[in-house]
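These notes are about the structure you will find just below.
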Number of protein chains: 6
Amino acid sequence: MFFHHRDLAYTVRVDNPNPVFARMLQQAIGGPEGEMRVMNQYMFQGFGHRGEKKYRDMLLSTATEEIGHIEVLATAVAMNLEGAKAEMVDDVVTNPAVAARMGALEPRHFLSGGLSAMPSDANGVPFNAACIDAGGNLIANMRANVAAEAIGRTLACRLLELTDDPGMKDMLNFLIARDTMHQQQWLAVLEELGPEQATNAPGDYENTANHQQHAYAFFNHLMDEQLPADARWTSGPSLDGKGQFTLAEPAPALGQEPQLQKAPPEVHAGAEATDPTGAGAAARFTRALGSAMDKVTPGA
Amino acid sequence: MFFHHRDLAYTVRVDNPNPVFARMLQQAIGGPEGEMRVMNQYMFQGFGHRGEKKYRDMLLSTATEEIGHIEVLATAVAMNLEGAKAEMVDDVVTNPAVAARMGALEPRHFLSGGLSAMPSDANGVPFNAACIDAGGNLIANMRANVAAEAIGRTLACRLLELTDDPGMKDMLNFLIARDTMHQQQWLAVLEELGPEQATNAPGDYENTANHQQHAYAFFNHLMDEQLPADARWTSGPSLDGKGQFTLAEPAPALGQEPQLQKAPPEVHAGAEATDPTGAGAAARFTRALGSAMDKVTPGA
Amino acid sequence: MFFHHRDLAYTVRVDNPNPVFARMLQQAIGGPEGEMRVMNQYMFQGFGHRGEKKYRDMLLSTATEEIGHIEVLATAVAMNLEGAKAEMVDDVVTNPAVAARMGALEPRHFLSGGLSAMPSDANGVPFNAACIDAGGNLIANMRANVAAEAIGRTLACRLLELTDDPGMKDMLNFLIARDTMHQQQWLAVLEELGPEQATNAPGDYENTANHQQHAYAFFNHLMDEQLPADARWTSGPSLDGKGQFTLAEPAPALGQEPQLQKAPPEVHAGAEATDPTGAGAAARFTRALGSAMDKVTPGA
Amino acid sequence: MFFHHRDLAYTVRVDNPNPVFARMLQQAIGGPEGEMRVMNQYMFQGFGHRGEKKYRDMLLSTATEEIGHIEVLATAVAMNLEGAKAEMVDDVVTNPAVAARMGALEPRHFLSGGLSAMPSDANGVPFNAACIDAGGNLIANMRANVAAEAIGRTLACRLLELTDDPGMKDMLNFLIARDTMHQQQWLAVLEELGPEQATNAPGDYENTANHQQHAYAFFNHLMDEQLPADARWTSGPSLDGKGQFTLAEPAPALGQEPQLQKAPPEVHAGAEATDPTGAGAAARFTRALGSAMDKVTPGA
Amino acid sequence: MFFHHRDLAYTVRVDNPNPVFARMLQQAIGGPEGEMRVMNQYMFQGFGHRGEKKYRDMLLSTATEEIGHIEVLATAVAMNLEGAKAEMVDDVVTNPAVAARMGALEPRHFLSGGLSAMPSDANGVPFNAACIDAGGNLIANMRANVAAEAIGRTLACRLLELTDDPGMKDMLNFLIARDTMHQQQWLAVLEELGPEQATNAPGDYENTANHQQHAYAFFNHLMDEQLPADARWTSGPSLDGKGQFTLAEPAPALGQEPQLQKAPPEVHAGAEATDPTGAGAAARFTRALGSAMDKVTPGA
Amino acid sequence: MFFHHRDLAYTVRVDNPNPVFARMLQQAIGGPEGEMRVMNQYMFQGFGHRGEKKYRDMLLSTATEEIGHIEVLATAVAMNLEGAKAEMVDDVVTNPAVAARMGALEPRHFLSGGLSAMPSDANGVPFNAACIDAGGNLIANMRANVAAEAIGRTLACRLLELTDDPGMKDMLNFLIARDTMHQQQWLAVLEELGPEQATNAPGDYENTANHQQHAYAFFNHLMDEQLPADARWTSGPSLDGKGQFTLAEPAPALGQEPQLQKAPPEVHAGAEATDPTGAGAAARFTRALGSAMDKVTPGA
């Protein structure tokens with residue numbers, strides 16, 4: 001269960017409120033690079049963890065920290081919406097640099113939020129949990145988490161480029177420091193679990209012998225294009241120590257030209273695609289679906 | 001530009017067509033763990049790459065390979081929909097094990113696809129590009145790519161558990177081998193770029209001195225819970241070699257209790273939240289928005 | 001079945017066409033506060049109503065009214081796109097106040113709609129039926145409907161703040177009056193159904209005796225924070241007359257620390273989370289899924 | 001900021017693990033009736049609250065409680081996935097009642113979650129923040145919150161119908177009790193704010209005199225259908241005490257037949273819809289968009 | 001404005017209620033092949049039509065008809081949920097054919113809808129307006145409408161294969177007849193507008209002379225694959241009478257190998273992709289964005 | 001399988017980089033009118049084609065061409081983000097026409113893409129595969145494809161109106177020429193298949209005799225509105241030559257007024273909608289769902 005402390009995880013100070021910057025900060029709340037993603041990602045990874053307690057604790061502790069980051073950012077959005085440089089309203093009539101800002105406002109900050117943060121990205125697209133990677137394999141989870149923090153720290157650095165406000169810069173630098181730690185800690189778990197597990201998730205499945213040749217070959221799908229044969233990823237030992245990188249041409253001979261059966265009449269695929277006898281095995285899917293509805297002979 | 005070869009990237013052989021397995025394979029096509037994600041992720045990373053040509057080539061080559069994997073899986077779906085063990089239709093009336101299968105069909109394979117694959121996941125949820133991570137920083141991209149392949153290989157291993165079909169097992173083992181190579185190759189790029197860049201993306205931004213203390217401390221947000229002080233992620237040098245991991249309690253004193261201004265009347269926030277004088281800075285957002293519409297004095 | 005009358009539900013007059021205001025109006029069409037939501041919400045509630053005919057009639061009548069409101073707003077959008085103050089094109093070169101407007105256009109009004117309304121919100125996010133609340137319990141439905149109209153009237157009031165156009169103001173004031181009636185009518189149904197049913201939906205399920213203590217206690221999840229013990233929601237009789245509000249600390253002792261079983265090998269959860277004997281009950285899910293596909297012994 | 005306590009908010013005990021029930025519980029996690037919605041709804045309402053501190057505290061306290069409910073439900077899902085009645089695997093071969101269950105599994109619980117809960121609904125549709133109502137007006141917020149809890153309690157009651165498991169029944173009854181309190185507490189705030197504000201949100205905008213007649217009239221959009229003239233919502237005083245309900249026919253005369261201008265050539269609307277002179281005001285939108293791109297004369 | 005008549009657009013009779021068929025019917029309500037799409041598509045096309053009144057009338061008349069089709073289908077769903085063959089509950093224990101049906105239920109019909117239709121497809125995916133094609137060019141609109149009806153009639157034919165219920169078959173045959181008329185009527189408009197306009201939308205833009213060669217050539221992107229040189233689409237006159245179909249190899253020489261500039265430092269693209277001097281033109285985007293926020297020299 | 005050639009499908013030359021135009025181009029990448037839709041639409045249609053090989057080849061060839069168009073457009077986006085007219089940065093301070101541009105930037109081009117294209121539309125809404133029409137009937141597919149290209153060519157013509165850049169105009173004119181060919185080729189297939197099949201998809205289902213009267217009648221749902229009785233779609237032979245168009249009033253007598261059964265108690269529909277005896281057939285759905293979970297008597 002969870003508890004809330006009245007203090008923010010870090011001071012939010014806005015010296016020059018800027019509603020356009022409020023819009024930009026939304027990307028760090030509800031975008032795929034943002035805190036709602038990592039908060040939910042770590043939370044669901046933790047809730048479902050079936051291994052050592054210390055990893056569950058670690059995941060839930062950091063997930064809990066991330067809720068607080070949403071709070072920090074939502075507060076920063078609200079405070080940036082509280083005003084703007086004093087001259088704004090007058091200046092907009094005569095000052096092009098100020099006018100430029102107008103079009104970049106997120107209108108739902110006013111229309112829908114009444115001057116507060118939204119669970120959306122910088123373009124007002126609502127957060128969608130489809131971007132949460134929580135696959136139930138600790139290594140794959142750690143890989144997803146390092147990625148999320150690497151992307152998140154990059155976003156924070158870019159946000160930093162867009163403000164001169166000392167308070168906002170300090171807050172972003174704090175968040176960048178935390179993104180550093182989070183990248184480091186997930187990488188540390190990968191080191192702790194050992195390279196055997198970590199360099200080829202899931203670590204508990206070995207490639208079959210007959211596909212060993214496909215497991216360390218870079219397939220060149222580029223026509224008339226020379227790829228470096230001495231890159232780290234085309235030569236030398238693989239990172240899991242189980243193979244040698246090679247550079248290979250993809251062999252069309254590996255696969256056949258597909259030949260699908262014609263469709264049975266009940267699919268209504270059109271004359272040119274239908275086997276009118278309905279004898280084809282493809283008929284069975286429809287019949288099975290019919291069976292599932294007590295209709296044993298669809299199309300009959 | 002792209003070209004298509006009539007042969008599949010790998011042989012698709014279905015010995016015992018199984019429409020429920022067709023549904024399961026959809027997860028590897030249109031799910032966040034699937035080929036549509038990685039194909040688009042590598043494609044857009046490649047299209048936008050501003051660095052060395054070899055990385056652009058590498059990204060586009062593997063992206064192109066992945067389109068072929070969508071084709072392989074879509075063909076496998078279509079072939080699994082072509083029929084079922086000969087006895088199915090009759091057996092469903094008397095055989096519970098066969099009956100069990102009926103409910104697990106994806107009805108849109110018939111209703112919408114006419115016995116073909118859909119650009120959706122195993123539950124029929126359409127592919128959504130929100131899950132594509134293509135952030136324009138090579139290291140963050142590589143991290144996202146390792147993650148996607150680790151998750152994808154885990155999915156393929158689980159799919160392997162759900163079939164006894166020799167053809168399907170062979171196809172999945174090929175894809176698992178390719179997921180191995182792809183994990184390895186993105187990791188190899190990270191090694192090639194060097195640990196300085198790679199262990200803390202983006203590698204070109206150093207944490208500020210005043211937040212150095214926050215960059216390597218594990219914040220324990222768990223109440224009354226002892227975390228291991230000697231884990232790889234709570235002690236010893238950080239992986240970027242720039243700090244020492246510590247275990248710390250999050251300090252509420254870092255942040256303040258937020259105090260938002262009351263809203264101006266034009267927000268219609270309700271009596272208890274409104275500053276009737278409208279003198280508050282918050283009024284400016286609405287006025288700015290009004291200005292953007294040639295309405296200089298909203299609320300007046 | 002439905003019929004269309006050529007007259008709009010209310011006059012749409014645009015004195016000074018304003019394409020930025022056209023964008024703002026989209027929120028009232030396709031946003032979660034908008035007419036597409038309420039139209040579909042009342043429609044599906046009415047279609048599925050299993051109780052008294054008068055409520056079905058009421059729901060469908062107002063749903064039908066709302067289609068007409070979409071028509072009114074879509075017409076208002078189209079008319080606002082028809083032009084702008086005569087001086088716009090010339091002025092943009094020299095007038096910052098006019099220039100400010102440019103960036104706030106919704107480009108899909110031109111690119112995708114050819115100067116017409118879209119089924120989207122003010123940021124161009126398409127309407128998504130996920131926000132429709134139609135749960136098949138009349139009281140819960142009425143609660144959802146009051147909420148939707150309260151939110152919708154708030155949006156309309158905010159839109160009113162953004163225009164000086166007499167025609168647009170008059171149209172919005174008409175819609176605000178209708179939102180008033182709609183709030184009132186759903187509240188009237190709640191009164192008609194009686195407080196016993198209405199103050200605790202669904203009204204046909206009584207809390208169990210052993211949880212009576214949890215049914216009227218405000219749990220304080222705030223640390224070191226004093227909540228008012230004499231607020232309407234922390235003291236005195238509850239609104240359903242069945243309990244007394246109290247202020248309570250959430251009791252960790254109510255729940256246990258979760259202990260999930262290790263995963264069976266076929267989950268590929270990684271070494272640290274796997275029970276290699278596979279004897280755990282968790283193995284059964286995978287096996288059941290395998291059974292559903294005639295593969296009785298997955299992982300074997 | 002937030003903290004996590006290792007104990008669940010309520011005991012989760014699963015006597016007879018049932019993976020189909022695990023799927024059903026997902027609706028209470030990631031569906032529009034579920035905990036992810038209310039948690040985010042209260043959280044964002046609290047983060048953006050500009051009024052009295054006690055309401056901010058109240059919102060954040062209950063939001064924090066809801067995170068714990070997600071944890072409770074996610075744990076319940078994971079434990080229901082841990083197994084099934086001992087006989088399942090064998091029984092599926094011969095027992096139709098057991099077989100029936102197979103098709104109703106959520107395959108992503110295995111494929112994507114590795115036997116853990118997903119941030120999705122009972123059909124595997126990922127949570128989408130579009131359904132969060134957080135509009136920045138306290139009364140509209142309270143209305144949305146009562147609705148969400150009424151819908152949520154209804155869902156919980158329905159889930160209760162689908163299980164005989166004593167542990168699950170007890171957990172659901174606890175959640176039902178909490179949904180009772182939450183409905184009561186939001187209603188109590190509405191009472192506290194007073195009927196003047198609460199019965200017609202936003203309470204700070206009075207209907208204009210010329211639309212007073214439209215503010216309390218039920219418009220009958222049903223043809224040849226007699227509506228009760230003496231229902232609570234067609235007669236008597238309105239609930240805000242400011243009008244009398246009436247039953248009225250919608251007057252087509254209120255609105256005109258819309259007449260849109262023909263499109264300018266640059267819209268490419270087709271011959272029958274184009275004004276070839278381009279003199280129409282509609283040309284201005286395109287020109288303005290062109291201006292925004294330093295292209296003053298689009299179409300020229 | 002709109003009116004509702006109490007009679008359905010066609011009789012809905014369900015002789016043998018079948019909740020699995022209720023699920024299947026959902027595809028015709030909320031799927032991309034369904035009535036919510038066409039209703040909204042025709043509605044928004046009509047609302048925005050800027051040409052002849054008869055087309056606006058036609059679009060709105062058929063749009064209005066389609067709302068009634070949603071009502072018909074929603075009623076059919078509700079009636080199919082009302083029960084099942086009398087023996088179902090008992091039979092499920094011993095009858096595999098009945099058991100098969102259980103897994104194919106849409107659980108949200110109970111959990112969320114309380115035995116009523118949902119605004120979703122057969123898999124419970126909510127309707128999304130992204131699939132609405134309403135582009136503001138009458139010919140493109142007609143093309144989209146013919147397509148939608150062709151797809152819709154195909155779906156209805158497939159649904160017909162899945163039921164033996166006489167009432168359901170009659171209702172579907174009525175809808176199929178209407179889908180016939182709708183296909184015919186949109187085709188008739190295309191004939192009315194004349195082939196010059198209709199065979200190459202938008203009809204008011206002629207291909208430029210230098211690209212005339214690309215306007216009627218089928219580009220063969222298949223490697224080592226012979227395409228028929230005498231198909232209707234590789235030889236003979238084009239359908240707009242303005243060219244001759246040819247079969248051509250795509251010429252790589254048409255395009256260059258892309259060379260993107262390195263990124264400026266403020267993008268944080270990583271060392272290998274950054275131009276440290278920041279002199280590149282790419283710096284300007286960031287600077288412009290900074291300007292929009294009164295921060296003229298980002299990165300400085 | 002697929003291969004990539006280093007040359008673009010057409011030259012991308014940007015004389016005056018314009019980041020606002022980059023945003024506009026996104027609509028042609030990830031919007032419903034864009035290349036991601038058609039690429040996936042043709043790809044999945046081809047993968048699932050069960051008829052003549054030449055159509056599969058045709059679909060896959062053009063699908064492959066479309067990937068190259070995504071590449072062309074993504075490159076054009078990246079190059080438009082590389083800078084702007086030299087004077088931009090300085091001019092923004094003093095030049096309103098330049099300032100106007102600022103607000104129309106897509107901020108995620110910087111924040112998320114690091115100056116590269118996104119898999120999204122002009123408003124930053126991610127591509128969603130729900131808009132892909134791939135229904136497994138060749139005629140319906142062709143109809144959907146003509147529609148997609150008609151819409152796509154219209155979008156390209158509108159984009160052309162928004163730029164003066166010679167390189168961008170040339171690229172768009174090339175794409176417009178290809179959209180011409182694609183419209184023509186899908187129409188040619190329809191001609192090749194013959195009017196009998198093509199004018200009423202699916203061509204293999206004849207309307208039943210008793211609904212022949214509904215198959216060619218235009219139903220006038222407009223009240224008091226005269227529709228032309230001599231339009232191509234209200235008189236004369238239908239386009240499939242199987243009927244005569246007529247103009248008809250929709251007959252309410254065709255359908256009944258719906259009467260749904262009351263709900264069983266376990267639905268918790270509320271007192272006014274519940275049949276307390278539970279004898280109604282509606283109880284069976286819930287019971288069946290309960291059966292599916294080994295709970296034979298829910299509600300008991």
Side-chain angles (χ1 to χ4, degrees), chain E residues 5-8 10-11 19 61 64-65 75 81-84 89 92 102 114 128 130-131 135 137 140 143-144 146-147 150-151 154 157 173 177 180 184-185 187-188 192 201-202 205 207-208 211 214-215 221-222 232-233 238-239 252 254-255 257-258 260-261 267 281-282 284-285 287 291-292, chain F residues 5-8 10-11 19 61 64-65 75 78 81-84 89 92 102 114 128 130-131 135 137 140 143-144 146-147 150-151 154 157 173 177 180 184-185 187-188 192 201-202 205 207-208 211 214-215 221-222 232-233 238-239 252 254-255 257-258 261 267 281-282 284-285 287 291-292:
Chain E
H5 190 285
R6 68 173 175 277
D7 289 344
L8 294 168
Y10 195 74
T11 307
S61 177
T64 307
E65 182 181 352
T75 304
L81 294 175
E82 285 190 345
V89 180
V92 78
M102 299 299 90
N128 186 310
C131 62
N137 173 284
R143 292 291 183 202
V146 179
I151 293 166
T154 301
C157 287
N173 272 310
T180 302
Q184 298 292 311
Q185 75 188 51
L187 285 169
E192 202 169 49
Y205 188 77
N207 294 304
T208 53
H211 288 302
H214 303 127
H221 282 262
L222 308 183
R232 183 64 192 87
W233 30 280
S238 66
L239 278 85
L254 282 175
E257 183 172 1
L260 300 185
Q261 295 181 20
V267 168
R284 292 182 193 137
F285 179 84
R287 285 174 187 162
S291 297
Chain F
H5 190 285
R6 69 175 176 275
D7 288 344
L8 294 168
Y10 194 73
T11 306
S61 176
T64 306
E65 182 181 351
T75 304
L81 294 174
E82 285 190 347
V89 182
V92 80
M102 300 301 90
N128 186 309
C131 62
N137 173 284
R143 292 291 183 203
V146 179
I151 293 166
T154 302
C157 286
N173 272 310
T180 302
Q184 298 292 311
Q185 76 187 49
L187 285 169
E192 201 169 51
Y205 187 78
N207 294 304
T208 54
H211 288 301
H214 303 127
H221 282 262
L222 309 183
R232 184 63 192 89
W233 31 280
S238 67
L239 279 85
L254 282 175
E257 182 172 2
Q261 294 181 20
V267 168
R284 291 183 193 136
F285 179 84
R287 285 175 188 160
S291 296

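These values consider heavy atoms only, across backbone and side chains, with no hydrogens, waters or symmetry-generated copies. Per chain, numbering begins at 1; letters A, B, ... match sequence-line order.
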Among E:Ala147, E:Ala150, E:Ala201, the residue with the most heavy-atom pairs under 4.5 Å to chain F is E:Ala201
F:Thr75 and E:Pro258: which non-hydrogen atoms are nearest, and at how many Å?
CG2-CB, 3.8 Å
Chain E contact via F:Asn137 - side chain, backbone, both or neither, heavy atoms under 4.5 Å
both
Which one wins on heavy-atom pair count under 4.5 Å against chain E: F:Ala140, F:Ser238, F:Ala215?
F:Ala215
Quick one: does F:Gln185's side chain get under 4.5 Å of E:Arg232's, heavy atoms only?
no
Under 4.5 Å from any heavy atom of chain E - which part of F:His214
both
Say whether E:Thr180 and F:Asn207, considering side chains only, have a donor N or O and an acceptor N or O under 3.5 Å apart.
yes
Nearest-0.5 Å distance that lies between atom CG in E:Leu187 and atom CG in F:Leu239
5.5 Å
Chain F contacts, top residue of E:His5, E:Glu65, E:Gln184, E:Arg6 (heavy-atom pairs, under 4.5 Å):
E:Gln184
Quick one: side chain to side chain donor-acceptor pair (under 3.5 Å) partners of E:Thr11, sequence neighbours excluded?
none
With sequence neighbours left out, what residues match F:Glu257 under side chain to side chain donor-acceptor pair (under 3.5 Å)?
C:Lys53
Residue from E:Ala177, E:Gly135, E:Cys131 scoring the most non-hydrogen pairs under 4.5 Å with chain F is E:Ala177
What is the minimum heavy-atom distance between E:Ile151 and F:Ala144, and which atoms define it?
CD1-CB, 4.2 Å
